Amino acid sequence: MTQATTPRAAADLTAASRASRQDTPRRRRPRRLDGQQLSRGQAALRFVVLLAGALLFLFPFWYMVIGSLQREPDTSVAGAFPNPANIDLHNYAQIDSRVDLLQGLVNSGIFTAGVVLCTVVFGVLAGYALSVLQWKGRGTTFALALLVQVVPFQLLMIPLYVLIARDYGLSDNYLGMILPFAINSAAVVIFRQYFLQVPQEIFDAARIDGAGELRVLWSVALPLIRPALVTVVLVTFIGPWNEFLWPFLITKEASMQPLAVSLANYISNVASSTANPYGAILAGAVVLAAPVVVLFIVFQRWFIATDIGSGVKG
């Protein structure tokens with residue numbers, strides 16, 4: 001009896017050990033984009049290359065911030081790692097004493113917020129109409145929207161200035177700064193492409209339930225294109241926030257000028273007379289770039305597009 005049961009017990013133990021090894025989670029090696037596994041050496045090499053690229057990319061920003069904090073200028077490479085005793089906020093105080101930074105930030109915020117709001121509203125409406133609705137001339141209208149992108153804004157600046165400043169009398173006015181940028185053809189194209197990725201069955205189901213087009217757009221379409229909304233907001237934000245030429249033409253009063261114009265005037269007229277013009281210029285660049293960097297850090301996860309097609313079964 002013992003000789004008959006021993007092989008069976010051994011077989012049971014072997015099967016149990018195999019099952020336990022299969023159930024035990026294994027550490028997976030990093031995979032490349034093509035699905036092949038990377039060895040430890042390849043993974044380490046990839047990490048080193050990515051780290052070196054990140055440091056190389058971030059070094060100019062680090063140098064800009066450090067240079068803006070130096071009381072005594074040091075334009076050499078060693079200036080990237082200065083003496084802590086040479087670090088203070090003197091350059092920022094110099095700018096704030098000559099330029100009203102708070103008023104400039106408010107003007108830039110109003111100008112940028114107005115442009116972003118108009119771009120999103122008109123872009124969503126136009127993108128929805130060009131992708132979901134069926135109407136005659138839709139293809140021609142989309143071709144014209146693409147054609148607008150190849151026309152430089154500088155060619156339209158003179159007629160826009162005559163129209164807005166002279167005919168409408170909107171110089172030194174927030175509306176006069178916002179109107180030329182209220183409609184962005186690139187945003188229309190982005191929204192159209194995202195709406196085309198949404199299965200048509202979702203819109204048909206909402207219409208069968210009795211929803212109108214505006215209800216479908218607000219309750220069904222917009223929640224599915226959140227990555228597009230955030231992308232358009234961030235991409236649009238950079239343009240008016242850094243815009244210099246049009247606000248410089250349309251505003252004559254210093255109290256109405258955005259931050260980019262105020263800092264440009266400071267750099268060209270006042271910075272050269274300061275004890276550290278190099279640090280003053282870098283301090284102005286930091287003030288102008290900081291809001292954009294913060295927005296990208298906060299909303300970077302929204303750039304990862306989701307699989308919106310999974311909302312339909314079958």
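Predicted, not measured: the structure shown is a model, and the values here were computed from it.
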Quick one: sort the F81 and W62 rings into parallel, tilted or perpendicular, breaks at 30° and 60°.
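Tilted, since the angle between the ring planes falls between 30° and 60°.
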Do the ring planes of F61 and F57 sit parallel (below 30°), tilted (30 to 60°) or perpendicular (above 60°)?
tilted
Quick one: do [X] and [Y] end up in the same hydrophobic cluster if we chain Ile, Leu, Val, Met, Phe, Trp and Tyr together by side-chain heavy atoms under 4.5 Å apart?
X	Y	answer
I238	L234	yes
W246	V162	no
I225	I190	yes
L288	L245	no
I183	L217	no

How long is the gap from [atom1] on [X] to [atom2] on [Y], to the nearest 0.5 Å?
X	Y	atom1	atom2	result
S171	E253	OG	CD	8.5 Å
L175	L179	CG	CG	4.0 Å
R46	L51	CZ	CG	13.0 Å
I158	L163	CD1	CG	13.5 Å
I202	L224	CD1	CG	5.5 Å
L89	I95	CG	CD1	11.5 Å

Take atom CG of L58 as the centre, draw a 6.0 Å sphere, and report whether it contains more than 12 heavy atoms from other residues, nucleotides or ligands.
yes
Atom CZ of R138: over 12 foreign heavy atoms under 6.0 Å:
yes
Heavy-atom pair of closest approach, residues [X] and [Y]:
X	Y	answer
T112	F237	CG2-CD1, 3.2 Å
T236	P240	O-CD, 2.5 Å
M256	T251	O-CG2, 3.9 Å
T119	F181	OG1-O, 3.6 Å
P247	M177	CB-SD, 4.1 Å
N107	S255	ND2-O, 2.9 Å

Report yes or no: does [X] contribute a side-chain atom to a donor-acceptor pair with the main-chain N or O of [Y] at less than 3.5 Å?
X	Y	result
S108	L259	yes
Q42	S39	yes
S219	V216	no

Side chain to side chain donor-acceptor pair (under 3.5 Å) between N91 and Q70, worked out
CA-CA 8 Å; N91 295 320; Q70 293 180 1; over 6 Å; no
Do [X] and [Y] have side chains that approach each other closer than 4.5 Å (heavy atoms only, starting at C-beta)?
X	Y	result
F244	L263	no
Y194	V189	no
F111	W241	no
F122	F191	no
S262	N265	no
V124	L229	yes
L130	W135	yes

Might you work through the side-chain contact (heavy atoms from CB on, under 4.5 Å) test for Y92 and L69, ending with a clear yes or no?
CA-CA 8 Å; Y92 293 92; L69 295 174; 3.7 Å; yes
When you measure from the centre of the six-membered ring of F142, is the NZ or CZ of R192 closer than 6.0 Å and no more than 45° off the axis?
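Yes; both conditions hold, so R192 lies above the ring face of F142.
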Polar side chain donor-acceptor pair, Y168 to N173, under 3.5 angstrom:
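No, no side-chain donor-acceptor pair sits under 3.5 Å.
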Report the C-alpha distance between D88 and R71 in whole Å, list the side-chain angles of each, state the deciding distance to 0.1 Å, and finish with yes or no for salt bridge (charged side-chain N to carboxylate O under 4.0 Å, His left out).
CA-CA 7 Å; D88 58 18; R71 176 178 287 271; 2.7 Å; yes
For E213 and R207, run side-chain contact (heavy atoms from CB on, under 4.5 Å): C-alpha distance rounded to whole Å, both residues' side-chain angles, the deciding distance at 0.1 Å, then the answer.
CA-CA 8 Å; E213 292 300 331; R207 295 188 183 101; 2.7 Å; yes
Under the side-chain contact (heavy atoms from CB on, under 4.5 Å) rule, what do V188 and Y128 come out as? Steps first, then yes or no, please.
CA-CA 9 Å; V188 174; Y128 183 83; over 6 Å; no
Walk me through whether I250 and Y174 qualify under side-chain contact (heavy atoms from CB on, under 4.5 Å).
CA-CA 10 Å; I250 204 68; Y174 292 121; over 6 Å; no
